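For reference, the structure is listed below as structure tokens.
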Amino acid sequence: MDRDSHSEDTLSTMVLENIKNKLIHAFRVTAESRGDPQDSGCTVRPVSISRSYQANEELRRAQIDGAITWLRSELLEMRSQDLQLAQTLLGLNTEIQRLRRESFGGVDVEGDDQQ
């Protein structure tokens, strides 16, 4: 099960990195499509616009990183809950089988494995 968990972690990380890269690319394309002052006849980009753009880009990246971190924590919590639920279900199944055996005086009942 550890091997499966490790491969799920790797797959989750790859998927989240892919989402992160797509979001960064989408934000970059959106910012570029708004129009660059250089394209509108202005030959020199003012320093304040450059700094503002850089600050916005850093903010977007920080927000994306925060969202990915939140997604990772939610996925880890879901995996933990999934494992707890699986253990509970296995325990319940074992207890049901034990009670069936007791109620039939220790005789194996056909179909025990089917439920």
Side-chain angles (χ1 to χ4, degrees):
M1 191 127 200
D2 288 334
R3 212 177 292 171
D4 290 340
S5 178
H6 179 68
S7 64
E8 287 176 8
D9 286 343
T10 303
L11 180 61
S12 297
T13 300
M14 289 172 51
V15 168
L16 289 172
E17 286 298 319
N18 188 9
I19 291 170
K20 175 183 174 182
N21 290 333
K22 286 181 180 181
L23 287 171
I24 289 171
H25 177 71
F27 281 120
R28 192 173 294 135
V29 168
T30 302
E32 290 170 358
S33 67
R34 288 184 193 148
D36 196 346
Q38 291 176 350
D39 294 339
S40 62
C42 182
T43 57
V44 178
R45 182 179 232 179
V47 175
S48 63
I49 292 175
S50 177
R51 287 183 184 160
S52 176
Y53 176 79
Q54 185 178 12
N56 284 337
E57 186 70 21
E58 288 175 16
L59 179 61
R60 283 189 200 111
R61 286 182 186 204
Q63 289 171 335
I64 291 169
D65 286 341
I68 289 173
T69 299
W70 178 80
L71 283 171
R72 275 194 182 112
S73 68
E74 289 296 311
L75 288 171
L76 288 172
E77 178 64 25
M78 288 172 66
R79 181 177 294 135
S80 173
Q81 291 173 356
D82 185 40
L83 291 173
Q84 289 175 351
L85 180 59
Q87 289 174 343
T88 301
L89 291 174
L90 287 172
L92 287 171
N93 185 46
T94 301
E95 185 65 16
I96 289 169
Q97 298 305 319
R98 186 187 65 77
L99 290 171
R100 282 185 180 166
R101 282 192 297 273
E102 284 180 7
S103 69
F104 289 104
V107 177
D108 282 340
V109 177
E110 265 187 58
D112 270 355
D113 294 337
Q114 293 176 354
Q115 292 183 359

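What you are looking at is a predicted structure, and each value in this text was computed from that prediction instead of being measured.
Of the inter-residue distances, the one linking Asp82 atom CG with Gln87 atom CD reads 10.0 Å to the nearest 0.5 angstrom. Here the OG1-CD distance, from Thr69 to Glu74, works out to 12.0 Å after rounding to the nearest 0.5 Å. In this structure, CG in Asn56 is found 14.5 Å from CZ in Arg51, a value given to the nearest 0.5 Å. Rounding to the nearest 0.5 Å gives a distance of 8.5 Å between OG of Ser73 and CD of Glu77.
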Intermediate values then yes/no, side chain to side chain contact (heavy atoms under 4.5 Å, CB included), Arg61 and Ile64: CA-CA 5 Å; Arg61 286 182 186 204; Ile64 291 169; 5.5 Å; no
Test side chain to side chain contact (heavy atoms under 4.5 Å, CB included) applied to Leu59 and Gln63, step by step: CA-CA 6 Å; Leu59 179 61; Gln63 289 171 335; 4.0 Å; yes
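Hydrophobic clustering places Ile68 together with Trp70 (ILVMFWY residues linked when any side-chain heavy atoms are closer than 4.5 Å, directly or through intermediates). Two different hydrophobic clusters hold Leu89 and Leu83 under the rule that ILVMFWY side chains link at heavy-atom gaps under 4.5 Å.
Scored by the salt bridge (Lys or Arg N to Asp or Glu O under 4.0 Å) test, Glu95 finds Arg98 as partners (sequence neighbours excluded).
Looking at Ser80, its side chain never comes within 3.5 Å of a backbone N or O of Leu76 through a donor-acceptor pair.
In this structure the side chain of Asn93 reaches within 4.5 angstrom of the side chain of Gln97, judged on heavy atoms.
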